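Values in this document were obtained by computation on a predicted structure and should not be read as measured data.
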Amino acid sequence: MGSGVAFGYATHHFGSHQSTDDASIVPPPTGPLDTSATDNSAPGAKPGAAAPTTPHLAPKVTGPGTVTTLNVPSADDDMKTRPVDVYRPAVPANVVLPVVYLLHGVPGEPDRMMEAVKDVLDQAFTSGAEAPFIVAVPTGGGNAHNDTEWADAQDGKDMVESYLIKNVIPAVEGNSPRSASMRAIVGFSMGGYAAANLTLRHPDLFSQFVSLAGYFHVDDPDGMFGSDSRVEAANTPDDMVQKAAGKRVLLLEDQDETDSLIQGQAAEFAQRLHDCACGVDLSWHIEPGGHSYDFVTASFPKVITFLDQGFTVGSSASQSPSSAGPSASPSAGASTGASTTASGATSSTG
């Protein structure tokens with residue numbers, strides 16, 4: 001570590017900005033998050049049966065990607081809408097690409113997170129070195145709770161998990177909802193915690209997650225979970241590793257980390273995933289740098305390569321977020337939102 005060389009273990013199964021301030025509001029689908037577990041099997045298949053998959057094929061990228069902003073309805077009364085910055089590579093509009101949901105930390109905002117990764121994405125995709133994918137950066141902060149943990153507040157004032165799962169995913173994916181094999185979450189700091197937490201709470205929706213300088217236990221300074229031990233338990237990745245069965249996981253921690261909340265978390269969580277013996281395809285590394293957006297930028301080539309190796313086109317039906325519920329149920333309910341589906345984002349994301 002002192003040499004500045006990344007270390008860790010990596011084993012298979014462990015053995016131009018077009019921001020639109022007046023963007024139209026994208027309506028969400030109706031219905032609250034339910035608490036029933038769902039699976040990603042093909043219709044008629046036995047629960048948990050693996051669906052046949054083929055590699056994600058790379059269309060030719062003709063230039064830099066574009067970034068547009070979707071104003072997606074919130075799932076609470078704290079904010080009317082929460083913006084989502086969406087990066088789309090320069091490929092034909094009818095090409096359906098994988099989607100990565102990139103979550104910022106606190107303090108943080110979509111514009112700054114997108115700024116940290118856009119040039120890296122352009123370089124990787126235009127050079128032909130990596131297969132392109134869409135990146136959507138939602139808004140995870142709130143007025144009632146600044147540090148939301150990307151969760152649903154027990155007091156109902158900031159329903160960020162519901163916003164992401166119920167509203168953002170349909171708004172970004174439009175008329176082409178992706179299967180779990182074409183969808184992933186990446187997060188930095190608080191977002192790194194959330195990438196793990198949301199994947200393990202919704203294992204039917206995501207096949208991969210990446211945590212950049214994240215943590216895997218509850219840290220709730222703004223009272224999102226209301227000091228309710230049941231809700232905290234349902235939002236503790238350390239205790240939900242069995243839900244990572246069959247997932248691909250990349251954990252990156254910064255070498256110069258000074259926050260005790262984060263120091264050593266990558267190694268500890270990696271050990272938990274290893275000990276669960278549940279078929280996790282895991283990589284973890286300590287990377288040079290400190291806890292900053294520069295670390296995100298420097299790490300992102302490794303993130304892109306990791307995700308591209310995992311995206312596949314499954315033959316099973318796509319999982320609709322509006323019908324999916326968290327795998328761990330104790331959580332506040334969600335607001336129902338508008339009555340029309342989020343088809344308005346199709347032209348900007350595909």
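- Across Val172 and Ala136, no two heavy atoms sit closer than the pair CG2-CB, 3.9 Å.
- Remark: His145 engages no residue in a ring-ring contact (aromatic ring centres under 6.0 Å, His included) (not counting sequence neighbours).
- For the pair Pro138 and Pro110, the minimum side-chain heavy-atom distance is 4.5 Å or more.
- Inter-residue side-chain proximity for Val99 and Glu173 is flagged as met; some heavy-atom pair is nearer than 4.5 Å.
- Between Gly187 and Ala195, the shortest heavy-atom distance links the atoms N-CB, 3.8 Å.
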Only pairs under 3.5 Å count here: list side-chain donor-acceptor contacts from residues 212-223, not counting sequence neighbours, and write none if there are none.
| from | atom 1 | to | atom 2 | distance (Å) |
| --- | --- | --- | --- | --- |
| Tyr215 | OH | Glu149 | OE1 | 2.8 |
| Tyr215 | OH | Glu149 | OE2 | 3.1 |
| Asp220 | OD1 | Gly223 | N | 3.3 |
| Asp220 | OD1 | Met224 | N | 2.7 |
| Asp220 | OD2 | Met224 | N | 3.1 |
| Asp220 | OD2 | Phe225 | N | 2.8 |
| Asp222 | OD2 | Asn146 | N | 3.0 |
| Asp222 | OD2 | Asp147 | N | 2.8 |

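- Sorted by first and then second residue, the pairs that involve residues 82-123 and meet ring-ring contact (aromatic ring centres under 6.0 Å, His included), not counting sequence neighbours, are His104-Trp150.
- Rounded to the nearest 0.5 Å, atoms CG (Leu205) and OG1 (Thr199) are 9.0 Å apart.
- By the rule that hydrophobic residues join a cluster once side-chain heavy atoms approach within less than 4.5 Å of another member, Tyr163 and Met79 end up as members of separate clusters.
- A salt bridge is absent between Lys166 and Glu161: the closest approach of a Lys/Arg side-chain nitrogen to an acidic carboxylate oxygen does not fall below 4.0 angstrom.
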Intermediate values then yes/no, side chain to side chain contact (heavy atoms under 4.5 Å, CB included), Val210 and Phe306:
CA-CA 9 Å; Val210 178; Phe306 176 84; 4.0 Å; yes

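- Under the 4.5 Å side-chain criterion, counting only non-hydrogen atoms from C-beta, Val84 is not in contact with Thr69.
- A side-chain donor from one of Ser74 and Asp76 sits under 3.5 Å from a side-chain acceptor of the other.
- A distance-only check finds no donor-acceptor pair linking the side chain of Asp158 to the backbone of Ala153 [under 3.5 Å].
- Under the 3.5 Å distance criterion, the side-chain polar atoms of Ser211 are matched with a main-chain donor or acceptor of Gly192.
- Scored by the salt bridge (charged side-chain N to carboxylate O under 4.0 Å, His left out) test, Glu268 finds Arg272 as partners (sequence neighbours excluded).
- Annotation: side chain to side chain contact (heavy atoms under 4.5 Å, CB included) contacts of Ala298 (sequence neighbours excluded): none.
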With side chain to side chain contact (heavy atoms under 4.5 Å, CB included) as the criterion, how do Lys243 and Arg201 come out once you've worked through the C-alpha distance, each side chain's angles and the decisive distance to 0.1 Å? CA-CA 8 Å; Lys243 296 292 185 180; Arg201 284 175 59 77; over 6 Å; no

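- Contact check for Leu252 versus Val303: side-chain heavy atoms found under the 4.5 Å cut-off.
- Closest heavy-atom contact between Val96 and Ser176: CG2-OG, 4.0 Å.
- Panel note: side chain Arg82, backbone Gly141; a donor-acceptor pair is recorded below 3.5 Å.
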Side chain to side chain contact (heavy atoms under 4.5 Å, CB included) between Leu103 and Leu164, intermediate numbers included = CA-CA 10 Å; Leu103 311 183; Leu164 176 59; 4.2 Å; yes

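- Checked against side-chain hydrogen bond (donor to acceptor under 3.5 Å, both in side chains), Glu115 has no partners two or more places apart in sequence or in another chain.
- The CG atom of Asp119 lies 8.5 Å from the OG1 atom of Thr297; values are rounded to the nearest 0.5 Å.
- Taking the side chain as every heavy atom from C-beta outward, Phe209 and Leu307 never approach each other to under 4.5 Å.
- With rounding to the nearest 0.5 angstrom, the CG atom of Asp85 is 10.0 Å from the CG atom of Leu102.
- A donor-acceptor pair under 3.5 Å is absent between the side-chain atoms of Ser181 and the main chain of Phe311, judged by distance alone.
- Asn167 places no side-chain N or O within 3.5 Å of a backbone atom of Val72 that could act as its donor or acceptor partner.
- One finds the CD1 atom of Ile185 at 9.5 Å from the CZ atom of Arg183 (value rounded to the nearest 0.5 Å).
- Under the disulfide bond (SG atoms under 2.5 Å apart) criterion, no residue pair touches residues 145-230, with sequence neighbours excluded.
- Side chains of Phe269 and Trp284 form no contact here, defined as non-hydrogen atoms less than 4.5 Å apart.
- Between Tyr293 and Pro107, the closest heavy-atom pair is OH-O, 4.1 Å.
- Across Ile262 and Ser189, no two heavy atoms sit closer than the pair CD1-OG, 4.2 Å.
- With rounding to the nearest 0.5 Å, the separation of CE in Met190 from CG in Asn197 is 11.5 Å.
- Screening residues 202-288 for disulfide bond (SG atoms under 2.5 Å apart), with sequence neighbours left out, gives Cys276-Cys278.
- The two residues Leu282 and Ala270 come nearest to each other via the heavy atoms CD2-O, 3.7 Å.
- Using a 4.5 Å heavy-atom cutoff, the side chains of Pro59 and Leu97 are in contact.
- Between the CG atom in Leu251 and the CD atom in Glu287 there is a gap of 11.5 Å [rounded to 0.5 Å].
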| request: Just do the side chain to side chain contact (heavy atoms under 4.5 Å, CB included) check on Ile304 and Leu121 with the steps written out, would you? | output: CA-CA 8 Å; Ile304 295 170; Leu121 294 167; 3.8 Å; yes

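- Residue pairs that meet the side chain to side chain donor-acceptor pair (under 3.5 Å) test with at least one member in residues 123-143, sequence neighbours left out, are Glu130-Thr305.
- Counting only residues at least two apart or in different chains, salt bridge (charged side-chain N to carboxylate O under 4.0 Å, His left out) contacts with residues 248-266 comprise Arg248-Asp281.
- Using a cut-off of 4.0 Å between Lys/Arg side-chain N and Asp/Glu carboxylate O, Asp152 and Lys157 are scored as not salt-bridged.
- In this structure, Val135 and Lys118 have side chains that are not in contact, with every pair of non-hydrogen atoms separated by 4.5 Å or more.
- With sequence neighbours excluded, the residues that form a side chain to side chain contact (heavy atoms under 4.5 Å, CB included) with Thr62 are Ala90.
- Remark: Asp275 engages Gln271 in a side-chain hydrogen bond (donor to acceptor under 3.5 Å, both in side chains) (not counting sequence neighbours).
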